[in-house]
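Only a predicted model underlies this, so the values are computations on that prediction, with no experimental measurement involved.
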Amino acid sequence: NTGKKIDCISIDDFVKENDKPIKNKNIFMKIDTEGTELNVVKGMLKLLNENNVDMLIEINDRNKSKFSNILKGYEIREFGRNFFFIKSNNV
């Protein structure tokens with residue numbers, strides 16, 4: 001809300017641009033980005049598809065179904081008010 005522009009990059013693009021291949025790894029991520037969690041997950045689909053990624057993530061009620069659609073093949077468990085543990089089933 002300060003009016004400042006901030007350059008952002010997706011996690012998949014960051015990995016690609018920094019030539020840091022991440023494949024077949026076990027990864028844990030905590031994502032709490034004040035309402036933009038869905039965009040964060042959309043920006044890491046390659047990482048999700050190529051690795052075993054478990055997440056602790058804040059999801060509000062209006063986005064639950066969108067997360068379920070994107071995270072097919074993941075176990076989604078409520079961990080508290082609006083927080084969910086997303087477990088990879090790729091083990």
Participant: Which heavy atom of Ile9 sits nearest to which heavy atom of Glu17, and what is that distance?
Facilitator: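 Residues Ile9 and Glu17, closest heavy atoms: CD1-OE1, 3.3 Å.
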Participant: Within this structure, what is the CG-NZ distance for the pair Asp54 and Lys30, rounded to the nearest 0.5 Å?
Facilitator: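 Going from CG on Asp54 over to NZ on Lys30, the span is 15.5 Å.
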Participant: Atom CD1 in Ile59, atom CD in Glu78: separation rounded to 0.5 Å?
Facilitator: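 Here the interatomic distance stands at 9.5 Å.
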Participant: Can you see which heavy atom on Val41 is nearest to which on Phe67, and at what distance?
Facilitator: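 The answer is CG2-CE2, 3.7 Å.
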Participant: Go through the steps for Glu37 and Asp32 under the test side chain to side chain contact (heavy atoms under 4.5 Å, CB included), then give the verdict.
Facilitator: CA-CA 7 Å; Glu37 291 83 5; Asp32 184 0; 3.5 Å; yes
Participant: Which distance, rounded to the nearest 0.5 Å, do you find between the CE of Met44 and the CE of Met55?
Facilitator: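 Going from the CE atom of Met44 to the CE atom of Met55 covers 4.5 Å.
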Participant: Quick check for you: to the nearest 0.5 Å, what is the distance between Lys64 atom NZ and Leu38 atom CG?
Facilitator: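 Result: 14.5 Å between the selected atoms.
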Participant: Checking the side chain of Asn49 only, and the main-chain atoms of Leu45 only, is there a donor and an acceptor separated by less than 3.5 Å?
Facilitator: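 Checked: pair present.
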Participant: Is it possible for you to say whether Ile27 and Ile57 belong to one hydrophobic cluster, with membership spreading through side-chain heavy-atom contacts below 4.5 Å?
Facilitator: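 Same hydrophobic cluster.
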Participant: Check whether Asn51 reaches the backbone of Asn24 with its side chain - one donor and one acceptor, N or O, closer than 3.5 Å.
Facilitator: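 The answer is yes, because a donor-acceptor pair under 3.5 Å joins these two groups.
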Participant: Return the CG to CG distance between Asp12 and Leu47, rounded to the nearest 0.5 Å.
Facilitator: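 Here the interatomic distance stands at 6.0 Å.
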Participant: Using a distance-only test with no angle check, is there a side-chain donor-acceptor pair under 3.5 angstrom linking Ser68 and Ser65?
Facilitator: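 No, no side-chain donor-acceptor contact under 3.5 Å.
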Participant: Should Phe14 and Val53 be counted in the same cluster of Ile, Leu, Val, Met, Phe, Trp and Tyr side chains packed under 4.5 Å apart?
Facilitator: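 Different hydrophobic clusters.
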Participant: Please name all residues satisfying salt bridge (charged side-chain N to carboxylate O under 4.0 Å, His left out) with Lys25, sequence neighbours left out, ordered by chain then number.
Facilitator: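 With sequence neighbours excluded, Lys25 shows a salt bridge (charged side-chain N to carboxylate O under 4.0 Å, His left out) to no residue whatsoever.
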Participant: Could you tell me the separation between the CD1 atom of Ile31 and the CG atom of Leu56, rounded to the nearest 0.5 Å?
Facilitator: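 Atom-to-atom, Ile31:CD1 and Leu56:CG are 9.0 Å apart.
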Participant: Evaluate Leu48 against Leu71 for side chain to side chain contact (heavy atoms under 4.5 Å, CB included), listing each step before the verdict.
Facilitator: CA-CA 9 Å; Leu48 290 172; Leu71 296 170; 3.8 Å; yes
Participant: Of all the heavy-atom pairs spanning Ser10 and Gly43, show the shortest one and how long it is.
Facilitator: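 So the two residues come closest at CB-O, 3.4 Å.
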